[in-house]
Amino acid sequence: MLFRIPRLYDSHTHFLATGEFASGLRLEEINSRQALQNIARTNPGYYRRHWLLGFGWDERKWPADEQPHKNLLDEVFPDIPVFFARMDGHSCWLNSLALQEMNLTSETGILTEKDHLRAWDQLPGFTKEQERTHILQACRTFNKAGFTHVRDMSCTESLWNMLCEVADAGDLTLAIEENFTSHDMNDFEAMLNLAKYARQNERPLLRAKGIKVFYDGSLGSETALLSKPYNGIRGGNQGRVLWDIADIENIMKQTWAAGLEFSVHAIGDEASHHIVQTARKISAQGAVGRLNMEHAQVLRPETIQMMKPLHVRCHLQPCHWLSDRVWLQDKLKELYPYAFPWEALRAAQIPISFGCDSPVEPSSFWRNKIALDESPNFRIRKFTGDLTVAHAHPDKSFADSYTIIEDGVVKEINFNGRPLSLE
Ligand SMILES: [Zn+2]
């Protein structure tokens with residue numbers, strides 16, 4: 001089957017992490033003390049300054065009597081700080097030296113959610129040279145997968161400035177949209193100012209969109225906020241939120257008042273409901289702005305109805321279904337009919353965009369197509385919309401391009417009138 005897709009768009013990515021991930025230390029196959037010892041610790045690509053970084057561990061691949069713990073890292077890496085991010089990007093595994101340098105304490109060395117994100121933000125930056133290498137590597141990684149447009153959820157001041165340099169040198173082979181993450185009220189104002197500054201300094205291939213926040217966690221770690229307990233256990237865990245909803249209301253208003261978009265990571269049905277309710281509330285007070293729902297993996301029908309009068313777009317990653325399918329029905333029980341609601345959103349005429357959440361999942365148009373093809377066999381309503389539209393950047397004036405993909409293979413990619421290398 002052959003697809004010709006205009007402006008092939010990955011609408012939810014972590015841009016720099018994608019470049020970093022492609023050139024950095026991968027932990028998927030590392031699942032023993034011996035494997036830790038075999039890591040090529042002299043590879044400069046594995047470091048941020050003197051910190052050793054790795055991505056992709058999964059405790060389920062480790063033996064029961066040798067689970068990820070700071071002691072294990074201390075034995076193998078007694079003399080360098082180590083920061084290993086879990087495959088879902090929601091936890092990290094640190095050794096004692098790393099905890100010490102960050103002034104943190106932890107019994108196990110495993111930090112999750114907010115603690116993980118805060119630790120991540122405390123990591124030393126890359127050198128300028130490393131950052132430039134990662135930007136170019138990320139462009140290559142997305143281009144090789146056929147993408148010409150990406151939306152980045154994790155911009156920083158140094159990334160923005162470096163992207164401007166790369167754009168001005170004519171080396172950008174992607175059209176990029178940037179969002180700045182705020183973790184709490186303490187950093188919000190600085191992030192808003194940064195987004196405003198970036199908005200004033202856009203380039204033809206580089207746009208500043210707004211603010212991104214994490215409202216809940218993930219289904220995999222049972223931290224996404226559901227309206228019913230996980231696994232049908234009466235009185236059991238329903239997940240949690242990372243923000244006070246009154247603070248969300250406040251910063252959504254401020255972001256919209258600045259003419260910027262407000263994007264919210266919301267995975268559980270109850271988390272999404274809170275956000276949509278809040279947007280409705282401030283809209284009724286006269287606030288106007290764009291809301292992006294990130295992931296929206298479980299949406300109740302009434303929440304979708306409430307989206308209708310809003311300027312809202314849902315950013316879905318069908319490929320997450322490929323990873324979640326094994327436990328999804330068990331975890332969600334009676335909420336399962338509301339999972340991966342691409343068809344319900346289409347039917348309600350709520351705009352949607354597809355993406356891959358790279359580097360959590362590889363950036364791939366074809367994996368999303370496979371997920372959409374296979375999920376109806378698992379009682380997910382079949383998507384009857386046009387996949388090439390849901391995967392195209394909606395703005396025709398933002399860099400002209402097309403991509404040809406045949407049976408999963410990228411055959412041709414044309415960006416601003418010139419063919420791009422697929423090497
Ligand atoms: Zn993400």
Side-chain angles (χ1 to χ4, degrees), residues 9-22 24 55-56 58 85-92 111-121 123 134 138 141-142 145 147 149-156 159 174 176-183 191 195 209-225 239 241-243 261-268 271-272 275 291-299 312-324 339-340 342 352-365 367-368 371 390-391:
Y9 181 38
D10 189 326
S11 91
H12 183 115
T13 75
H14 302 278
F15 179 81
L16 198 58
T18 299
E20 210 179 305
F21 191 69
F55 305 88
D58 181 348
R86 194 175 180 272
M87 36 76 81
D88 65 352
H90 286 263
S91 311
C92 56
L111 306 178
T112 60
E113 303 299 345
K114 220 167 193 171
D115 296 330
H116 158 63
L117 295 169
R118 285 217 182 89
W120 176 264
D121 284 348
L123 280 172
H134 291 148
T141 301
F142 286 114
F147 290 94
H149 291 66
V150 300
R151 178 164 166 268
D152 180 24
M153 307 316 297
S154 5
C155 199
T156 60
L159 174 59
L174 280 174
I176 306 178
E177 297 173 319
E178 285 297 349
N179 293 282
F180 295 84
T181 304
S182 167
H183 293 306
M191 289 302 131
K209 303 303 285 187
I211 296 294
K212 145 89 186 284
V213 301
F214 287 87
Y215 187 56
D216 69 348
S218 69
L219 293 174
S221 54
E222 303 189 1
T223 49
L225 187 71
V241 297
L242 306 176
W243 284 81
E261 297 186 2
F262 194 70
S263 302
V264 188
H265 168 114
I267 288 190
S272 287
I275 299 301
L291 174 67
N292 294 295
M293 301 294 291
E294 307 301 323
H295 311 303
Q297 283 180 2
V298 192
L299 289 176
V312 63
R313 178 174 289 269
C314 292
H315 297 268
L316 307 172
Q317 300 83 38
C319 56
H320 276 314
W321 176 82
L322 293 171
S323 307
D324 297 357
F340 293 97
W342 33 73
I352 62 174
S353 284
F354 286 142
C356 304
D357 207 4
S358 168
V360 180
E361 300 278 349
S363 190
S364 164
F365 169 84
R367 285 189 80 231
N368 277 347
H391 241 308

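Just so you know, residue 1 is the first one in the sequence shown, and it goes up from there. Read the numbers this way: they start at 1 and go in the same order the structure lists the ligands and their atoms.
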Which atom of His183 lies closest to which atom of Lys114, heavy atoms considered
O-CE, 3.6 Å
Decide yes or no on ring-ring contact (aromatic ring centres under 6.0 Å, His included) for His90 and His116, but give the supporting numbers first.
CA-CA 7 Å; His90 286 263; His116 158 63; 7.6 Å; no
Mind checking ring pair (Phe, Tyr, Trp, His ring centres under 6.0 Å) for Phe21 and listing every partner two or more places apart, or none if nothing turns up?
Phe55
I'd like to know if the side chain of Asn368 and the backbone of Gly355 have a donor-acceptor N/O pair within less than 3.5 Å.
yes
Residues in side-chain contact (heavy atoms from CB on, under 4.5 Å) with Thr223, at least two apart?
Glu113, Ser218, Ser221, Arg240
Which residues share a salt bridge (charged side-chain N to carboxylate O under 4.0 Å, His left out) with Asp324, sequence neighbours left out:
none
Do any protein N, O or S atoms sit under 2.8 Å from the Zn ion (ligand 1), and which ones are they?
His12 NE2, His14 NE2, Asp357 OD1
